[in-house]
Amino acid sequence: MKSEPDVFGLAHLQQRPHGTAPWDGVRNYQARNFLRAMQVGDRVLFYHSSCEVPGVAGIAEIVGEARPDESQFDKKSEFYDAGAKRDNPRWSLVDVKFIAEFPKFVPLPTLREQPALKNMRLLSPGNRLSVMPVTPAEFKTISKLGGLK
DNA sequence: GCCAACGTTGGC
DNA sequence: GCCAACGTTGGC
């Protein structure tokens, strides 16, 4: 899952009560579908985007499966969607919990150097999805680079 | 259903 | 700030 560290980084998640926050504001259908496929207990790589050094900062976990994202109905929200209907919500969110910050931040160029990650979706050209799947092997590789087992 | 225009994301 | 790669919108 991607987020801009200046807006909501891994440190922000850690500081929340119980290290938990709703992952709202996803407004892309593909990303939404990946959110809806998530299950409680799924581990998440927390990626920092649009910043000085983009890369993976650490690990989070899904603690609440997909439910309607209330901000789609909130006219004052930047995520308001006039097309979303109460009886058939268009956008979902999941609840995410902080697990660990990597002892070693894993910068994007390092990810690109790894042969084991050459097929990773995150690294494919033009990738703009803020939520995307990761294989167990990719997860393991990146965790090791980050200094965790 | 096609496609141009436009907006957004995100690395650099 | 630039630009490539999308996704979305709307005219036709």
Side-chain angles (χ1 to χ4, degrees), chain A residues 1-16 21-38 42-62 64-148:
Chain A
M1 299 175 97
K2 290 188 199 169
S3 190
E4 298 183 26
D6 299 338
V7 179
F8 189 84
L10 184 62
H12 294 100
L13 181 61
Q14 185 175 12
Q15 286 158 17
R16 288 297 179 94
W23 198 271
D24 61 358
V26 170
R27 293 295 179 270
N28 170 287
Y29 287 103
Q30 242 186 308
R32 180 206 69 182
N33 293 342
F34 289 135
L35 281 183
R36 290 182 177 176
M38 288 173 162
D42 284 351
R43 289 282 163 116
V44 173
L45 293 172
F46 198 115
Y47 180 87
H48 284 170
S49 67
S50 294
C51 54
E52 202 167 339
V53 189
V56 183
I59 292 172
E61 183 177 307
I62 303 301
E65 287 176 21
R67 57 190 173 89
D69 179 349
E70 283 301 313
S71 66
Q72 70 193 296
F73 306 119
D74 179 3
K75 285 189 178 166
K76 288 179 184 145
S77 170
E78 58 175 315
F79 302 125
Y80 176 66
D81 180 353
K85 299 278 173 268
R86 274 266 168 211
D87 55 0
N88 184 22
R90 182 177 284 174
W91 305 112
S92 302
L93 60 74
V94 294
D95 293 289
V96 171
K97 182 180 183 180
F98 173 87
I99 296 293
E101 180 183 0
F102 281 153
K104 291 184 290 179
F105 183 84
V106 186
L108 181 57
T110 303
L111 296 175
R112 292 199 188 282
E113 285 168 8
Q114 310 301 318
L117 301 179
K118 70 176 184 336
N119 294 323
M120 203 183 173
R121 193 157 186 151
L122 175 74
L123 305 180
S124 68
N127 148 68
R128 283 166 41 200
L129 284 178
S130 61
V131 182
M132 71 188 89
V134 177
T135 69
E138 289 163 350
F139 194 98
K140 216 174 183 179
T141 298
I142 294 172
S143 296
K144 271 189 194 163
L145 290 170
L148 296 179

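Note on naming: letters A, B, ... go to the chains in the order of the sequence lines (proteins, then strands), and numbering restarts at 1 for each one. Every value quoted in this text rests on a predicted model; they were computed, and no experiment measured them.
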Any salt bridge (Lys or Arg N to Asp or Glu O under 4.0 Å) pairs touching [range], not counting sequence neighbours?
{"range": "residues 91-101 of chain A", "value": "A:Arg67-A:Asp95"}
{"range": "residues 77-87 of chain A", "value": "A:Glu70-A:Arg86, A:Asp81-A:Arg90"}
{"range": "residues 27-38 of chain A", "value": "A:Arg27-A:Asp69"}

Using a 3.5 Å cut-off and no angle test, enumerate the donor-acceptor pairs between side-chain atoms of residues 134-142 of chain A and protein atoms at least two apart in sequence or in another chain.
from, atom 1, to, atom 2, distance (Å)
A:Thr135, OG1, A:Glu138, N, 3.0
A:Thr135, OG1, A:Glu138, OE1, 3.3
A:Glu138, OE1, A:Thr135, N, 2.9
A:Thr141, OG1, A:Ala137, O, 3.0

Could you list the donor-acceptor pairs under 3.5 angstrom formed by side chains in residues 53-61 of chain A, with sequence neighbours left out?
from, atom 1, to, atom 2, distance (Å)
A:Glu61, OE1, A:Arg43, NE, 2.9
A:Glu61, OE1, A:Arg43, NH2, 3.0

What one-letter contact string describes nucleotides 7-12 of chain B from 5' to 3', where B marks a base within less than 4.0 Å of any protein heavy atom, S marks contact via sugar-phosphate atoms alone, and - marks no contact?
BBBBSS
